[in-house]
Amino acid sequence: MHDGGGTVRLLVVADSSVAAAIVEAARRRVARVDVEEVRTATAALERLGGADAGSDSDFDCVLASTDAGEMDTLDFLAAVRRRALDLPFFVVADGERGLTASDALDAGVTDYVRVRDREGYDEVAARVERVVAPPAPGRVAQSLVYERVFEQMLEGACLYDREGRFLLASDYLADFYGMTPAELEGERSLLVETVREERPGDPYQRLLDEEVDSLEGETELVTPDGESRTLSYRFAPFQVAGEVVGVIGVSRDITDRRERERKLRRAREEYQELIDGMNDTVWVIDIDSHILAVNETAVELLGYSRDELLSMTVHDIDAGLSDDEASALITQMPSDGTQVFETVHRAKDGREIPVEISSSLVTYRERTVVLSVARDITTRKRYEAELREQNRLLETQRDELSVLNQVVRHDVRNDLQLVTAYAELLGERVADDEAREYVEIVRKRANHAVELTETARDMAEMMRSRGVETEPVPLVPVLRGELASLREMAPNASVTVDAELPTVAVLADDMLGSVFRNLLTNAVQHTDGDEPTIEVSVSETEGGDRVVVRIADDGRGVPDERKESIFAKDEKGLESRGTGLGLYLVQSLVEKYGGDVWVEDNDPCGSVFAVELRTAPGQADSDQSSPTRS
């Protein structure tokens, strides 16, 4: 910094015409001045020294035009500050608007001067002199201090005369109009005229008449270049020797701020519209459990007004959690996840509404809060209660069915088997043919009743074990066991089997025997002859992943129109002695195993019932005992 006794050294960064004007003005103003001119900021940095030059520059001041060559003026300033922290830095704006005074002063320049003619460059030289060649301490003029403060204000400061014309204007205000302070002098103020038009009773005159102490507000102002800006302003009377000679005006361009506020307000409105449109209730809660915001659904569902809810805490509406439990959920919220739990909300009229809450941490008005979305699960809870009741009834029915199954399997079946045994003994001792025929009818009916108990037992077992997984079951032992039972039950039937049965295991369970037993019994029952003929064959499919068991009879056959419906529940054949449950049981079990069953015509008469089952990979059949029940 110049000490006041030597030569003032200036570094001017500008094109030749601007540099010449600055040099000329400086030499008129400063007694001993040495000026060095460069065209670009890069050249200026070289003259100021390397990056480590510190504050030892030989120059007292840098003056740069807004066009610093290939480097932005503010970037040039930053580079200078890195090299000479205390070196004064002036920006000279020579007509092109470019860098504004507010931007330059905000960035830390020492001063910003807009010039349009020779007088402007004289002003540059005067300001440089004040900084680099100040008067001795104690000799600073008070007016100079005021002028300096006025120039540095980042607001539109000015002095109006009694007619509302500019007497004095700050650089900030002049820059707003795109003019210099000197050019504004004597011009009428657009702001004063706009305020006078908007407010009744000429408020500007009331200031001059000292009827009011100040006048302030906001207004929309159209600048000379046609741009609409929002200004905040404050006017106050300016007195000299007790007389009001003008008005002091301070204004600020708040267009950007108001636009941000409008966008923020609209965003909040849209956010509120969004959450108000949700069917779920939405809550914003602080860490102390106070309710900060709610949506319209919460107001409607709970019956409180919005103001009432915003004066409450979560403890006032939560009827499912203790205060400690609710507070713990809030304080223990995961920072990067969602917390889901169930509780009960109590409405204003005392209704209790079960809800499922999904909560997460969010930022709301610059603080961390809990955002909770609560879904009314009244219907779901009712369904769950109904399902639990249905399951309870189902378990009860299964228990009762198990008891009935025990009665059918043991008591009734045992009694019927005794009837059959005694009927056979009686038939051997009855000589009369007619009486022997009656005994035979009793025996057949008793045997049929035993079959019915077995079918009923199998039906009960199937209903009890639905959902049980299948397992590999050797096919041949099961089939042979059921054929042996058939021969014992119907000794007059002719039963033949393919000489060779494939050794294969199928995917089934311990009720596989019931499938073959019902089909074999069905073949015997649906014949008109005294000696029915039954043929059994087993074949594998081409891929080897399935096996088909065919049971052919020489009975009455099944008409085409009944081939699909014959497996339906309660469906009975023509003149059938059965209940219709046997074939339904067969289809139910086969479908459970993932297989298929169907009926075909036999040649020359009768039917063929085919059962297709899945084979168990890697499992071979054997003659070992089958797990199927007898």
Side-chain angles (χ1 to χ4, degrees), residues 257-396:
R257 188 179 77 189
R258 286 290 178 261
E259 181 62 22
R260 289 193 298 269
E261 291 173 353
R262 280 193 291 269
K263 289 181 178 179
L264 180 59
R265 183 167 57 252
R266 181 53 189 160
R268 288 175 177 171
E269 291 172 354
E270 291 176 351
Y271 165 77
Q272 192 66 44
E273 291 173 2
L274 177 64
I275 66 171
D276 282 343
M278 295 177 62
N279 292 326
D280 299 331
T281 62
V282 179
W283 309 80
V284 178
I285 303 163
D286 68 13
I287 303 302
D288 296 324
S289 304
H290 294 99
I291 299 172
L292 304 178
V294 297
N295 68 341
E296 190 62 28
T297 305
V299 174
E300 295 175 356
L301 184 65
L302 298 187
Y304 292 100
S305 70
R306 190 181 297 272
D307 289 340
E308 285 177 318
L309 288 173
L310 298 183
S311 68
M312 300 164 69
T313 69
V314 295
H315 308 308
D316 298 321
I317 62 170
D318 198 315
L321 300 171
S322 67
D323 290 356
D324 290 341
E325 290 172 331
S327 297
L329 285 172
I330 294 175
T331 57
Q332 297 171 11
M333 276 290 301
S335 60
D336 57 352
T338 302
Q339 186 172 246
V340 180
F341 59 93
E342 291 185 6
T343 185
V344 176
H345 281 174
R346 183 184 293 111
K348 188 174 184 178
D349 59 7
R351 289 179 298 113
E352 292 192 347
I353 305 167
V355 293
E356 180 184 77
I357 295 181
S358 176
S359 297
S360 57
L361 292 177
V362 299
T363 299
Y364 176 75
R365 295 184 178 177
E366 300 183 354
R367 60 171 165 167
T368 299
V369 298
V370 177
L371 175 64
S372 293
V373 179
R375 173 160 296 178
D376 183 350
I377 56 174
T378 302
T379 302
R380 191 177 83 187
K381 286 296 183 182
R382 183 173 65 250
Y383 287 156
E384 289 176 353
E386 292 174 354
L387 181 59
R388 285 194 298 271
E389 178 62 17
Q390 290 174 358
N391 288 337
R392 187 190 65 79
L393 292 174
L394 183 59
E395 288 298 324
T396 300

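Just so it is clear, the values below take in all heavy atoms, side chains as well, and ignore hydrogens, waters and symmetry mates.
- Separating the CD1 atom in Ile353 from the OG1 atom in Thr281 is a distance of 8.5 Å, to the nearest 0.5 Å.
- A distance of 12.0 Å separates CG in Leu292 from CG in Leu309, rounded to the nearest 0.5 Å.
- Of all non-hydrogen atoms in Ile330 and Ile287, the two that sit nearest each other are CG2-O, 3.8 Å.
- A heavy-atom distance below 4.5 Å is not found between the side chains of Arg392 and Glu395.
- Summarising the geometry of Ile291 relative to Val314, their closest heavy-atom pair is CG1-N, 4.2 Å, with the distance given to 0.1 Å.
- Residues Ser359 and Leu329 form no side-chain contact, since every pair of their non-hydrogen atoms from C-beta on lies 4.5 Å or further apart.
- Under the side chain to side chain contact (heavy atoms under 4.5 Å, CB included) criterion, Gln390 pairs with Leu387, not counting sequence neighbours.
- There is a side-chain donor-acceptor pair under 3.5 Å between Thr378 and Asp376.
- Taking CD1 of Ile357 as the start and OG1 of Thr338 as the end, the distance is 13.5 Å to the nearest 0.5 Å.
- Heavy atoms only, all atoms of each residue included: Leu301 and Arg351 are closest at O-NH2, 2.8 Å.
- Note that CG of Asn295 and CD of Glu300 are 8.5 Å apart. Values are rounded to the nearest 0.5 Å.
- Looking at residues two or more places apart in sequence or on another chain, you find a salt bridge (Lys or Arg N to Asp or Glu O under 4.0 Å) between Glu352 and Arg346.
- Residue Tyr383 places its OH atom among 12 or fewer non-hydrogen atoms of other residues, nucleotides or ligands, all under 6.0 Å distant.
- Heavy-atom minimum distance, Asp318 versus His345: CA-CD2, 4.4 Å.
- In this structure the side chain of Leu361 reaches within 4.5 angstrom of the side chain of Val370, judged on heavy atoms.
- A donor-acceptor pair under 3.5 Å is absent between the side-chain atoms of Asp288 and the main chain of His290, judged by distance alone.
- The shortest non-hydrogen separation linking Leu371 to Val284 is CD1-CG2, 4.1 Å.
- Note that the CZ atom of Arg388 and the NZ atom of Lys381 stand 7.0 Å from one another [nearest 0.5 Å].
- At least one side-chain heavy atom of Gln339 sits under 4.5 Å from a side-chain heavy atom of Pro334.
- The shortest distance between side-chain heavy atoms of Tyr304 and Val294 does not fall below 4.5 Å.
- In terms of heavy atoms, Met333 sits closest to Ser360 at CE-CA, 3.2 Å.
- Contact check for Asp316 versus Glu308: no side-chain heavy atoms found under the 4.5 Å cut-off.
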* Please walk me through it: do Arg375 and Arg380 pass side chain to side chain contact (heavy atoms under 4.5 Å, CB included)? -> CA-CA 11 Å; Arg375 173 160 296 178; Arg380 191 177 83 187; over 6 Å; no

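- Remark: Leu321 CG to Glu342 CD distance equals 10.5 Å, nearest 0.5 Å.
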